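Here the structure is laid out as structure tokens; the discussion comes afterwards.
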Amino acid sequence: MNKLIVALSALAAGFTASAKPSFYLPERIFAAPGIELNVYFKEVFDSVVPQNYAYVASCRKGKSELTRWCFTPAKEDAGKEYKLVINAWNDEGRVACVTSVVEVAAAPKDPAKRVTLALFGDSLTNCGFQNQTLRVMQECGYTGYEPVGSRASVTGGAKHDGYGGYTFNTFFNNYRVSEEEVERIQDAAEREQLKALGVPVKIVHAWQRSLLRSPLVKFENGQKVVDVKAWLDKVNGGAQPDYVLIELGVNSVFGYVGDEAALHERLQQEVIPDATNFIARLRQDMPDSVYLLCTQPVGTSQDGFAANYGSTYNEVQLRKTLFALNREYDAMVKAMNDPKVRLLPLGHSVDPYGGYIQSVEPINARSKVKRTRQVNAVHLSSDGGLQMGDTIAAALMVDLGK
């Protein structure tokens with residue numbers, strides 16, 4: 001309880017010390033003909049109370065609605081760019097402004113050419129965005145697009161390496177054994193070595209087996225070894241993928257509290273070094289791949305946090321943290337100044353109101369009236385997954401059209 005009080009006190013201090021709200025939207029965002037592009041204002045405006053502002057988006061294309069700016073490019077928009085300006089207002093006047101360029105994919109040069117993508121992700125892969133990316137790429141004529149990975153989605157068939165709870169470091173460290181495996185091992189010395197790698201996990205569901213071990217780690221000569229080449233042999237015939245999509249970060253920062261300065265310091269000391277090392281280690285064996293680091297969706301509602309965490313953690317702090325994370329990702333990629341390491345803007349495109357898991361429930365224990373509530377703090381619904389998949393597909397099409 002004392003720890004909780006301290007955490008909540010730090011949280012309150014963080015809010016009072018925050019700078020005035022500002023926008024975060026990458027300098028370039030990507031679109032493709034026939035695919036809806038969304039910029040949700042709550043996803044790009046870093047305010048504790050985003051609903052207290054009015055937003056006006058100005059662009060030659062699209063529509064500025066109450067909660068979003070949206071644009072579905074037509075064929076004649078292919079290969080073009082459009083300037084997007086978003087202003088936030090209150091009764092005292094304009095509070096903040098951001099400018100971005102919307103880049104629309106040109107027609108593919110060779111849509112039948114084999115293009116492979118490896119995905120390293122976390123539990124957000126459960127919303128199926130990898131399946132939607134595959135579906136959209138095929139529907140738009142990119143017949144050579146092929147996702148590669150250690151596991152296939154239950155529906156949709158897109159292979160990937162997305163695992164619940166994973167961080168950058170998990171992919172290089174996780175190697176655990178189940179109780180069933182320990183019992184089958186006859187050699188006592190080997191059994192003790194395996195136990196030393198981590199507390200054996202009781203397997204309840206078959207799908208949990210994939211969480212025990214990183215696909216990049218093997219057990220050799222009594223120790224854990226990162227073997228990217230063995231993974232490549234398994235998933236892509238030893239060849240480097242054209243793209244490596246990295247959808248990680250939420251598990252690295254969940255639970256952070258503090259003001260913007262404290263968040264920046266922790267991200268700089270912990271997460272950004274992990275992300276940098278992750279990419280650097282993969283590049284040792286995959287130097288020719290293009291690495292796409294995704295910004296994260298930041299918005300949901302307090303209802304989702306209440307359903308999952310009661311009163312111990314809240315939506316506002318995680319929004320602040322994820323805004324800070326996305327800014328640090330952006331700065332990290334710019335500092336690397338490497339054409340093979342790129343930012344993939346994603347966070348702006350997920351509906352913070354309808355894109356998360358929901359349930360229809362009574363408004364209170366005595367009422368027969370029901371309403372739709374968000375019941376998950378960070379995990380997207382299938383609709384949110386469709387939006388993520390659309391955004392990733394559009395970014396790939398922009399690059400493949402150059």
Side-chain angles (χ1 to χ4, degrees), residues 114-123 125-126 130 133-134 144-154 157-182 184-187 189-201 203 206-248 251-252 273-294 338 340-341:
R114 186 173 186 257
V115 174
T116 54
L117 178 141
L119 162 63
F120 293 101
D122 52 30
S123 58
T125 54
N126 292 330
Q130 63 278 6
T133 300
L134 173 59
Y145 174 74
E146 181 182 347
V148 299
S150 302
R151 59 193 311 210
S153 303
V154 176
K159 293 185 178 180
H160 65 98
D161 280 288
Y163 306 89
Y166 268 46
T167 67
F168 299 103
N169 286 337
T170 315
F171 276 100
F172 293 155
N173 291 294
N174 204 35
Y175 190 105
R176 292 177 292 167
V177 295
S178 68
E179 291 182 359
E180 293 95 323
E181 288 175 303
V182 171
R184 289 198 301 267
I185 297 169
Q186 300 301 313
D187 181 82
E190 185 178 2
R191 182 161 57 248
E192 291 306 312
Q193 285 179 329
L194 287 171
K195 282 187 176 181
L197 289 172
V199 178
V201 176
I203 301 298
W207 61 265
Q208 289 180 304
R209 295 183 187 277
S210 63
L211 303 180
L212 289 172
R213 298 174 192 154
S214 164
L216 304 179
V217 178
K218 65 181 182 181
F219 184 61
E220 189 176 76
N221 298 324
Q223 59 183 347
K224 292 180 285 185
V225 178
V226 176
D227 193 338
V228 177
K229 289 184 177 179
W231 171 78
L232 282 174
D233 289 339
K234 176 183 177 182
V235 305
N236 200 32
Q240 302 175 46
D242 296 290
Y243 295 97
V244 176
L245 183 72
I246 303 169
E247 184 281 302
L248 294 168
N251 292 314
S252 300
D274 291 344
T276 303
N277 292 337
F278 182 77
I279 294 173
R281 177 61 187 85
L282 293 180
R283 293 187 78 182
Q284 291 180 24
D285 295 302
M286 300 186 293
D288 299 326
S289 300
V290 173
Y291 294 81
L292 304 173
L293 180 62
C294 297
D338 186 333
K340 289 190 177 297
V341 181

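This is a predicted model, so every value here is computed, not measured. The chain is numbered in sequence order, starting from 1.
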Minimum heavy-atom separation for Arg281 to Val226, with atom names? NH2-O, 3.5 Å

Atom pair OH/CZ of Tyr163 and Arg151 - distance to nearest 0.5 Å: 5.5 Å

Do we see a donor-acceptor contact under 3.5 Å between the side chains of Asp285 and Trp231? no

Taking the side chain as every heavy atom from C-beta outward, state whether Pro287 and Gln240 have any atom pair closer than 4.5 Å. yes

Look at the side chain of Ser214 and the backbone N and O of Asn173, then say whether any donor-acceptor pair between them is shorter than 3.5 Å. no

Can you tell me how far the CZ atom of Arg213 sits from the NZ atom of Lys224, to the nearest 0.5 Å? 12.0 Å

Find the distance between OG1 (Thr125) and CG (Asp161) and round it off to the nearest 0.5 Å. 9.5 Å

For Ser150 versus Val235, what's the shortest heavy-atom pair and its separation? N-CG1, 3.7 Å

Note: Gly164 and Ser123 closest approach over all heavy atoms is CA-CB, 3.6 Å

In chain order, what residues pass the side chain to side chain contact (heavy atoms under 4.5 Å, CB included) check against Thr170, with sequence neighbours excluded? Tyr166, Thr167, Asn174

Starting at CD1 of Ile246, measure out to SG of Cys294 and round the result to the nearest 0.5 Å. 8.5 Å

What's the spacing between Asp122 CG and Leu248 CG if we round to 0.5 Å? 5.5 Å

When Asp288, Asp338, Val244 are each screened for side-chain contact (heavy atoms from CB on, under 4.5 Å) with Arg283, the one that passes is Asp338

Which heavy atom of Tyr145 sits nearest a heavy atom of Pro147, and at what distance? CE2-CD, 3.8 Å

Lys159 NZ to Asn236 CG distance, which is reported to the nearest 0.5 Å: 10.0 Å

On a heavy-atom basis, the closest approach of Leu232 and Ala239 is CD2-O, 3.3 Å

Checking the side chain of Thr116 only, and the main-chain atoms of Glu146 only, is there a donor and an acceptor separated by less than 3.5 Å? no

Within the structure provided, determine whether Leu282 and Val228 are in side-chain contact (heavy-atom separation under 4.5 Å). yes

